[in-house]
Amino acid sequence: MNLRMHAHKVNPAAYQTMMKLEETVKQMNGDPILFELVKIRASQINGCAFCVDMHTKDLRKLGESEERMSLIVVWRETPLFTEKERAALALTEAVTQISKDGVPQELYDEVRKHFNETEFISLIMAINVINNWNRIAISTGMFPGCYDN
């Protein structure tokens, strides 16, 4: 596989803007495990191998079990995720695939049982940031292992 370009080298200002947004969203979301689950699920949907690889490594560093990490893709079929995580993962799927069905009211209501207004917006921002990163990584040809190129 060949990396098409180094986004951070070609346009440092744009890359730094994304990094600042990433850091802001990270600070807004108090649960780092939930934050990584969201990143992995969106990256799975988008087919971003680079981000799936990176964020499973990040989640592993946080002490997450291999079992839960391998089952993120089928989270609905396992009892290993909390109701709050399940709500966040469902919202991640809906927002990542927003053109399909939008965010149905029932999903919004379920998510709001676990997240107040501020947390809801923070979660949406987290979902949007990883979707942006996925699009950058896929468009520029990033692949697992090309972190330091």
Pairwise distance SG(C48) to CE(M54) - rounded to 0.5 angstrom: 9.0 Å
Hphob cluster co-occupancy, V73 + V38, side-chain heavy atoms under 4.5 angstrom: no
How many angstroms lie between atom CZ of F50 and atom CD1 of I138, to the nearest 0.5 angstrom? 11.5 Å
Is the shortest side-chain heavy-atom distance between I72 and L59 below 4.5 Å? yes
K26 NZ/CZ over F35 ring centroid, <6.0 Å and within 45° of normal: no
Which heavy atom of P32 sits nearest a heavy atom of G30, and at what distance? CD-O, 3.2 Å
May I ask you to decide if D53's main-chain N or O and T56's side chain share a donor-acceptor pair within less than 3.5 Å? yes
If you group Ile, Leu, Val, Met, Phe, Trp and Tyr by side-chain heavy-atom gaps below 4.5 Å, do V25 and L62 land in one group? no
For E23, is there an ion pair with K20 - N to carboxylate O distance below 4.0 angstrom? no
Do the non-hydrogen side-chain atoms of F115 and L34 ever get within less than 4.5 Å of each other? yes
The reported gap from CZ in R86 to OG1 in T78 (rounded to nearest 0.5 angstrom) is 7.5 Å
Distance col, row M69:CE vs L37:CG, nearest 0.5 angstrom, shows 10.0 Å
Minimum-distance pair of heavy atoms, taken over all atoms of T96 and A42: OG1-CB, 3.6 Å
Close side-chain approach of E22 and K39, heavy atoms under 4.5 Å: yes
Might you point out which heavy atoms bring V103 and V95 nearest each other, and give the distance in Å? CG2-CG2, 4.0 Å
Any salt bridge between K113 and D109, counting N to O under 4.0 Å? no
Within this structure, what is the OG1-CG distance for the pair T24 and N29, rounded to the nearest 0.5 Å? 11.0 Å
If the threshold is 4.0 Å, N to carboxylate O, is there a salt bridge linking E85 and R68? yes
Charged N-O contact under 4.0 Å between E93 and R76: yes
Honestly curious: do L89 and V111 fall in one hydrophobic cluster under the side-chain, below-4.5 Å linking rule? no
If I take atom CD from residue E64 and atom OG from residue S70, how far apart are they, to the nearest 0.5 angstrom? 10.0 Å
Are side-chain heavy atoms of F81 and W75 found at a separation under 4.5 Å? yes
Any donor-acceptor pair under 3.5 Å linking the side chain of D31 with the backbone of I33? yes
Group every Ile, Leu, Val, Met, Phe, Trp and Tyr by side-chain heavy-atom contacts under 4.5 Å, then state whether I40 and F143 land in the same group. no
Using a 3.5 Å cut-off and no angle test, enumerate the donor-acceptor pairs between side-chain atoms of residues 117-130 and protein atoms at least two apart in sequence or in another chain.
unit_1, atom_1, unit_2, atom_2, d
E119, OE1, N116, N, 2.8
S122, OG, T118, O, 3.0
N128, ND2, I124, O, 2.8

Ignoring hydrogens and geometry, is there a side-chain-to-backbone donor-acceptor pair from R60 to E66 under 3.5 Å? no
Minimum heavy-atom distance between G102 and A94, given as atom pair plus value: O-CB, 3.7 Å
